[in-house]
Amino acid sequence: MVLKMNKEEVIAIIGGTGDQGFGLALRWAKAGKHIIIGSRRKEKAEAAVARIKSILGEEVKVEGYENSEAASKADIVVLTVPFFGMINIIKSIRESLKKGCIFIDVTVPLASNIGGKPTRTLGVWQGSAAELARELLPKNVKVAAAFKEVSAEALQDLNSEVDSDTIICSDDEEAKKTVFNLVKLIPGMKAIDGGKLENSRIVEQLTALLIGINIRYKSHRAGIRITKIKKE
Ligand SMILES: NC(=O)c1ccc[n+]([C@@H]2O[C@H](COP(=O)([O-])OP(=O)(O)OC[C@H]3O[C@@H](n4cnc5c(N)ncnc54)[C@H](OP(=O)(O)O)[C@@H]3O)[C@@H](O)[C@H]2O)c1
């Protein structure tokens, strides 16, 4: 009898050279996942890979490519770029995405993207950055919003647990399940089912609120916890 092996999932992090994407890459690489760092410049992606290997060791499965090449190789694509660059980046990678891949949007439309305050969000016609991504992406791509209210500094500090929940919003059950499994790999995090993708507009507001809380409490790691629920 021939046993069917599950093909190893490849996760591309578009903008993985930046704070949030790098933190997620570190956590998932440490957990043994195969990670591709995407950047507008391949050399920058390779420099981020070298940094990850210097922290976690040479044996981790991490590679670096230009964004569209990174996207073309992945089963799961995570978008961690500033809202300002989001539309151009999605347009630059959407033809390269594998049919049926899972796309996790982490972007937040902070007003600081256009010179305003990071404690406020911008109005997005589609309702949220995640819904804008949905509109720009091919129909066969499964979109979820997650990690928008999780601190990059907490993700990057491998000596501490992240100590934060993340609310996952998606209209696709498979995408939601995939993100739930990725959250389980990060110590101190819990995934919360936030319902439909349109609820990401509420989560994106939370990020702006947390930035204000960070400023008032002189922290960079404020997060949220949803309490008194049974189901994981
Ligand atoms: N930092 C946090 O604590 C945090 C927490 C929750 C959510 N987020 C959200 O996650 C996203 C990424 O945050 P971040 O702090 O990691 O951002 P970042 O460090 O400023 O940028 C991430 C990467 O995006 C690429 N990039 C920068 N400007 C761009 C532009 N104009 N067009 C296209 N690509 C550009 C760069 O990669 P290359 O130069 O290599 O292409 C950069 O390394 C944002 O939407 C943010 O609101 C951040």
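Atoms considered below: every heavy atom in the structure, side chains included; atoms not considered: hydrogens, waters and symmetry mates. Along the sequence shown, the residues carry numbers beginning at 1. Counting starts at 1 for both ligands and their atoms, in listed order.
- At a heavy-atom distance under 4.0 Å, no atom of F22 approaches ligand 1.
- Considering only non-hydrogen protein atoms, atom 23 (C) of ligand 1 sits nearest to G15 O, 3.6 Å.
- Salt bridge K42/E69: absent, no basic N to carboxylate O contact under 4.0 Å.
- Those atoms of ligand 1 with a heavy atom of I89 less than 4.0 angstrom away are 33 (C), 34 (N).
- Considering both main-chain and side-chain atoms, K148 never comes within under 3.5 Å of ligand 1 through any nitrogen or oxygen pair.
- A donor and an acceptor atom, one from each side chain of T107 and D105, are located under 3.5 Å apart.
- Separating the CG atom in L136 from the CZ atom in F103 is a distance of 9.0 Å, to the nearest 0.5 Å.
- I87 CD1: 12 or fewer foreign heavy atoms inside a 6.0 Å radius.
- Here the heavy atom of the protein found nearest to atom 21 (O) of ligand 1 is P82 CD, 3.6 Å.
- When only interatomic distances are considered, the shortest N/O to N/O separation between R40 and ligand 1 falls below 3.5 Å.
- Of all atoms in ligand 1, numbered sequentially from 1 with element shown, those under 4.0 Å from a heavy atom of V106 are 7 (C), 9 (C), 10 (O).
- Close N/O approach between K44 and ligand 1 is found [any backbone or side-chain N/O within under 3.5 Å].
- Geometrically, ligand 1 and V81 share a nitrogen or oxygen pair separated by less than 3.5 Å.
- Considering only non-hydrogen protein atoms, atom 22 (C) of ligand 1 sits nearest to T80 O, 3.4 Å.
- Looking only at protein heavy atoms, the nearest one to atom 46 (C) of ligand 1 is V108 N, 4.3 Å.
- For E149 (side chain) and L210 (main-chain N/O), no donor-acceptor pair under 3.5 Å exists by modelled atom type.
- Every atom of ligand 1 with a heavy atom of T107 under 4.0 Å away is listed here by number and element: 45 (O).
- For T80, the side chain to side chain donor-acceptor pair (under 3.5 Å) criterion is met by no residue, not counting sequence neighbours.
- Of the possible polar contacts, none joining the T166 side chain to the A191 backbone as a donor-acceptor pair under 3.5 Å is found.
- In terms of polar-atom proximity, defined here as any N/O pair under 3.5 Å, G21 makes no such contact with ligand 1.
- Taking only nitrogen or oxygen atoms, main chain and side chain alike, V150 does not reach within less than 3.5 Å of ligand 1.
- Of all protein heavy atoms, the one lying nearest to atom 15 (O) of ligand 1 is D19 CB, 3.8 Å.
- Taking every heavy atom of A152 and a limit of under 4.0 angstrom, the matching atoms of ligand 1 come to 1 (N), 2 (C), 3 (O).
- Between the E204 side chain and the A129 main chain, a donor and an acceptor come within less than 3.5 Å of each other.
- The atoms of ligand 1 that sit less than 4.0 Å from any heavy atom of F84 are 31 (N).
- In this structure, E66 contributes its side chain and S68 its backbone to a donor-acceptor pair below 3.5 Å.
- Counting only residues at least two apart or in different chains, side chain to side chain donor-acceptor pair (under 3.5 Å) contacts with residues 48-58 are absent.
- At least one donor-acceptor pair closer than 3.5 Å links the side chain of N199 to the backbone N or O of G194.
- At a 3.5 angstrom cut-off on N or O pairs, S151 does not count as close to ligand 1.
- Salt-bridge formation is not detected for the pair E198/K196: no Lys NZ or Arg NE/NH1/NH2 atom is positioned less than 4.0 Å from an Asp or Glu carboxylate oxygen.
- With hydrogens left out, the protein atom closest to atom 4 (C) of ligand 1 is Q20 OE1, 3.3 Å, a heavy atom.
- At the shortest separation from atom 43 (O) of ligand 1 among protein heavy atoms lies T17 OG1, 2.7 Å.
- Note: an N/O pair closer than 3.5 Å links S39 and ligand 1 by distance alone.
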**OP:** List the steps, then state whether salt bridge (charged side-chain N to carboxylate O under 4.0 Å, His left out) holds for R221 with D157.
**Re:** CA-CA 10 Å; R221 298 187 183 195; D157 180 4; 3.1 Å; yes
